[in-house]
Every structure is written in C-alpha cells, then in structure tokens.
Number of protein chains: 2
Amino acid sequence: MKLEILTKNENREIEDEIISKIRDLINYKNLEPGDKLPAERVLSEKFGVSRSSVRSAIQKLEFYGILYSKPQSGTFISNIGQIAMNGMIEDILSLGEHDFKSLVETRILLELKIVKMAALRRTEEDLERIRQALSAYKVKMINGEPCVEEDLLFHLAIASACKNTTMNTLMLLITPEIIVAYQEDRVCEGDVALAQIKQHEDIYMAIRDQDPQLAKEKMKLHFTKLYDYIYGENRKKVIKG
Amino acid sequence: MKLEILTKNENREIEDEIISKIRDLINYKNLEPGDKLPAERVLSEKFGVSRSSVRSAIQKLEFYGILYSKPQSGTFISNIGQIAMNGMIEDILSLGEHDFKSLVETRILLELKIVKMAALRRTEEDLERIRQALSAYKVKMINGEPCVEEDLLFHLAIASACKNTTMNTLMLLITPEIIVAYQEDRVCEGDVALAQIKQHEDIYMAIRDQDPQLAKEKMKLHFTKLYDYIYGENRKKVIKG
DNA sequence: ATATCCAAACTGGTTAACCAATTTACCAAA
DNA sequence: TTTGGTAAATTGGTTAACCAGTTTGGATAT
C-alpha cells in the first residue's frame with residue numbers, strides 16, 4: 001500500500017519532469033504554434049528516459065490541448081500562444097487532488113445551471129431515463145438501503161438531459177470522486193427518507209413540466225440539505241433530523 | 001488530413017468498443033466494487049485486440065475514476081456501484097466533442113463563481129500574477145495585436161486564485177478549446193480596445209479590493225460583450241462597435 | 001533553370017518480448 | 001492443524017523491435 005503511493009508519486013514526478021523539460025525545450029528553441037516538436041525517439045534520448053514515458057507525457061499535454069500528434073508526421077504545438085502555453089503547463093504541473101469541499105461546491109454550481117437547462121431542453125427519452133433513475137432511487141431509499149449511486153445516477157440523468165456536452169462531461173468527471181467520498185454506507189431513515197424522496201420527485205416534476213425556475217428552486221432546496229450535511233457538525237452515518 | 005480524422009475515429013471506435021466489452025464482462029461476471037478485472041493479457045486475447053489497446057481503454061476508465069490499477073497486482077473496479085458504473089460508461093461512450101456554445105456557456109458559469117471566490121480568497125501572490133497577466137494583455141491590446149492568449153491567461157490567473165482545485169482544473173480543461181476556437185486573429189481597435197481594457201481593470205480592482213459582488217458584476221459586464229459576440233450576427237474579424 | 005518523380009530516411013503508432021514486484025501455492029517444521 | 005518460508009506463476013509497467021504512411025532531398029528529364 002505504501003509502495004503504491006510511492007510508485008504513483010514517482011511516476012507522476014517522472015511524467016511531470018518530462019512535461020517540464022518539454023516546456024523548457026519549447027521556450028529555449030522558441031517554438032511557436034504549429035511548429036513540430038522533436039521526434040519521440042530524440043526526446044527520449046535527450047531526456048534520458050524511455051520513449052513510452054515521453055509518449056505518456058505528450059499524451060497528457062495532448063489531452064489538455066497543448067500539443068497534437070499527426071501519425072507518421074510528428075507532434076506539433078497547438079494553436080495557442082507561447083505565453084498561454086507556459087502558464088497552462090505551470091498550472092497543469094501544480095494541480096493536485098481535489099478536496100472534497102471544492103468538489104461539492106463545483107457540483108452544486110454546475111447542477112443549479114444544469115437543472116434549468118434540462119427543464120428547457122429535455123426530450124421524452126431524457127424524461128423517461130430520469131424517471132427510471134428516480135424509481136430505482138426510491139426503492140432503495142424506502143428499503144433503507146444505501147442509495148448514493150442511485151442518487152447520483154438521477155443527477156447524471158439530468159445532466160445528460162441538459163444537452164450541454166461540456167457540462168455533462170464535467171459532471172462525469174467529478175461525480176466518481178463524490179461517490180467515493182460518500183461511499184461509507186450512508187442511509188436515511190423514516191421521515192428524512194420520505195423528505196429526500198419528495199425533493200427528488202419535485203425536481204423531476206419541475207423538469208417534466210418544463211419549469212426551469214421551479215426546477216432550480218427545488219434543486220437548491222435539495223442542496224441546502226447537502227450543504228448542511230457537508231459543512232455542519234461532524235458527518236454522521238445516519239441522518240435523523 | 002482526411003486520414004488523420006479517419007485514424008482518430010477508428011482509434012476511438014476501437015477504444016470505445018473495448019470499453020463496451022469490459023462493461024459487458026463486468027455485468028456478465030457480476031463483478032462488484034473492489035473485484036479484480038482479468039489481466040490485460042487475458043482481456044487482449046479474449047477480445048482479439050492488442051494489449052496496448054486494452055491498456056488505453058483501461059486508462060480512460062481509470063481517468064474517469066471507474067477503474068484503478070495497482071502495479072504488479074491487477075486492475076480493480078472502483079468503489080462505485082454497478083448501476084452507477086453502467087450509467088457512467090454509457091455516458092462516456094456517448095460523449096463526443098464539445099460544441100462551442102456549450103463551452104462558452106460553461107466558461108461563463110464557472111467564471112462568475114470563480115471571480116467571487118477569487119475576490120475573497122486571493123493572496124498577494126495571486127494578485128501579482130493577475131496584475132502581470134493584465135499588464136501583458138494591455139500591451140498587446142494597445143498595440144492592436146491579437147491578445148486572445150493574454151486574455152485567457154488573465155482569466156486563468158483568476159481561476160488559480162479562487163483556491164477551488166476542482167474549478168481550476170475544469171477551467172484548464174475547457175480553456176484550450178476556447179482559445180483554438182477564437183484563434184483566428186481577432187483584434188479590437190480604438191475605443192473598443194480601451195473599453196475592453198477597462199473591463200479587465202475593473203475586474204482586477206474588484207478582486208484587489210476583495211469585493212466579490214462587484215467582481216461578479218464586472219465579470220458579467222465583460223461577458224455580456226462576449227455573449228453578444230458569440231450569439232450576435234456572424235462573427236467578425238474586427239470588432240468596431 | 002525548373003518541374004517531376006522516386007527512393008531513402010524519418011515519423012507516430014503497434015506489437016511483442018522483457019522486468020521487477022506481488023501474489024499464490026505448496027511443503028516442511030512445529 | 002497451524003505456521004513459516006520459499007519458489008513458481010501472475011501481474012502491470014517498461015523497453016525495444018517492427019509497421020505503414022509521410023516527408024524530404026536530390027537525380028533526371030524537359
């Protein structure tokens with residue numbers, strides 16, 4: 001277990017080091033957007049690392065849109081300026097794990113917007129999918145079983161209905177971390193369970209009726225509860241009041 | 001060029017197909033969170049694809065938090081339930097490129113929140129970084145040079161100051177696409193340039209004075225201009241009025 | 001002098017062999 | 001039966017060889 005962390009850190013450090021070296025190379029050689037990076041083999045030799053390490057570093061920069069690779073041709077610098085590139089690489093290097101508070105803050109921000117858009121743009125298929133997710137959630141909830149997954153699936157179904165590809169992707173990205181953070185089998189009981197179900201049903205009905213403002217209000221209500229749970233007294237296994 | 005697209009599509013299709021097969025395998029074998037996936041070699045043979053293809057698919061699922069790999073041990077299913085996993089994989093498979101409108105919508109949503117948080121939490125170092133970005137932006141702007149990069153660096157500096165790791169990461173993710181979409185060398189002239197600079201300065205000063213509400217207002221002003229530019233008449237190379 | 005063409009070198013992508021660490025299975029000793 | 005240790009098998013990660021296009025540079029014909 002300890003080793004795993006070490007390995008990950010090591011790998012990360014190696015990857016980041018290569019990224020840093022690539023940045024230095026671009027700066028030193030004054031490469032501009034569209035210019036070709038040295039070949040992977042050359043870089044691996046110059047940096048004294050394996051070619052696959054270089055490749056993984058390049059792929060990461062490619063993912064962030066800073067580089068792009070053309071097969072049988074080379075790797076090129078994207079059409080963003082040198083200054084912007086430097087700043088972004090610095091940010092990429094310095095970004096670490098997400099703290100739970102920032103995750104929840106972001107989720108709330110996203111979903112208050114998403115639910116409005118979903119209310120306006122949802123199709124019948126979206127509605128049916130949301131309804132099914134809600135149904136699965138209710139079953140678990142009533143039986144007193146853990147239902148974090150079903151809860152978040154409900155919200156993901158809404159995100160899918162909002163027809164904003166970017167926001168949907170971002171929700172997909174941050175959702176797993178939230179699920180894991182919640183994973184300790186938290187359940188609700190009695191009145192609270194019923195209240196939670198009602199909140200979800202209210203959201204669903206607002207979307208069904210295509211009332212964006214009401215949907216946002218109901219989502220806000222849903223989140224005030226969540227906010228209390230996050231920032232309130234120490235987290236409890238069972239919410240009773 | 002055509003080939004590049006084909007190659008990418010092909011790759012993507014292969015990767016998605018493998019992801020789909022992995023999902024089916026998990027469902028068929030009823031694997032639960034924490035269970036170990038078959039070894040990469042086994043999967044590559046079973047699916048009739050190369051091991052590196054399996055690896056890239058696994059890495060993608062790892063990025064989305066659905067799987068995690070332990071060196072010399074195996075690949076395991078993350079601590080999210082089977083139902084949630086299935087829904088998320090379906091979403092991942094269906095998500096494509098981001099349309100420009102959704103990118104801008106998301107950016108605006110994020111930044112209106114970010115700028116408030118930045119005003120509250122910025123350190124002196126953050127402020128200095130923002131100031132420098134603003135300075136670089138002004139120089140280009142006054143000289144009538146393209147300054148999209150400097151503009152977005154200014155905004156990224158603000159994002160970095162908001163101290164929300166998740167939002168900062170998301171900004172880093174969506175920013176390059178925006179830059180590229182804007183890249184056609186757009187410049188402002190005369191009064192418009194001065195107005196743009198003033199908008200930025202207003203935002204900077206609000207952050208400096210730690211006035212979140214004012215910062216948000218100024219950012220909103222900045223974005224109404226942007227919104228017009230996006231949704232208004234056909235995009236122009238030079239904004240004059 | 002210029003345009004055309006072809007082969008050799010170079011490219012990123014792919015495949016297969018290799019490595020070190022971990023897990024597993026088994027056997028001997030208590 | 002339980003325990004300890006050891007060696008073989010299995011793992012994800014790494015490296016090196018290979019492949020199919022692309023680019024390039026110069027030889028050749030016009």
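Every chain is numbered from 1, with letters handed out A, B, ... down the list of sequences. Quick caveat, the model's predicted, so the values are computed rather than measured. Side chains are part of it too, since the values below use all heavy atoms of this structure and drop only hydrogens, waters and symmetry mates.
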Side-chain donor-acceptor contact under 3.5 Å, B:Thr165 with B:Asn168:
no
What is the separation between atom CD on B:Glu15 and atom P on C:dT14, rounded to the nearest whole Å?
10 Å
Sugar-phosphate, base or nothing in reach of B:Ser52, heavy atoms under 4.0 Å
base
Going by distance alone, is a donor N or O of one side chain under 3.5 Å from an acceptor N or O of the other, for A:Ser53 and A:Ser56?
no
Rounded to whole Å, how long is the line connecting atom CZ of A:Arg55 with atom C1' of D:dG13?
15 Å
Rounded interatomic separation in angstrom, taking CG from A:Leu37 and C1' from C:dC10:
15 Å
Hey, does the side-chain of A:Arg51 have a donor or acceptor N/O within less than 3.5 Å of a partner on the base of D:dG13?
no
Figure out the CD/P separation between A:Glu40 and C:dG12, and round it to whole Å.
5 Å
Quick one: B:Glu45 CD to D:dT11 P, roughly how many Å, whole number?
12 Å
Measure the distance from CG on B:Leu67 to P on D:dG13 and round it to the nearest whole Å.
12 Å
Whether A:His155 and A:His200 hold their rings parallel, tilted or perpendicular, with breakpoints at 30° and 60°:
perpendicular
Between C:dT15, D:dT14, C:dG13, which one does the side chain of A:Ser50 approach most closely?
D:dT14
Can you tell me the distance, in whole Å, between the NZ atom of B:Lys70 and the P atom of C:dT24?
10 Å
Any donor-acceptor pair under 3.5 Å linking the side-chain atoms of A:Arg23 with those of A:Ser20?
yes
Check: C:dG13 base within 3.5 Å donor-acceptor of A:Arg41 side chain:
yes
Please figure out whether B:Ala39 or A:Lys36 has its closest DNA chain D nucleotide nearer the 5' end.
B:Ala39
Measuring to OP1 and OP2 of C:dG12, would you say a side-chain N or O of A:Thr75 lies under 4.0 angstrom away?
yes
Is any side-chain N of the basic residue among B:Lys163 and B:Asp126 closer than 4.0 Å to the acidic one's carboxylate O?
yes
Rounded to whole angstroms, how far apart are CD on A:Gln59 and C1' on D:dG13?
14 Å
Mark yes or no for a side-chain to base donor-acceptor pair under 3.5 Å between A:Gln72 and D:dG21, with no hydrogen or angle criteria applied.
no
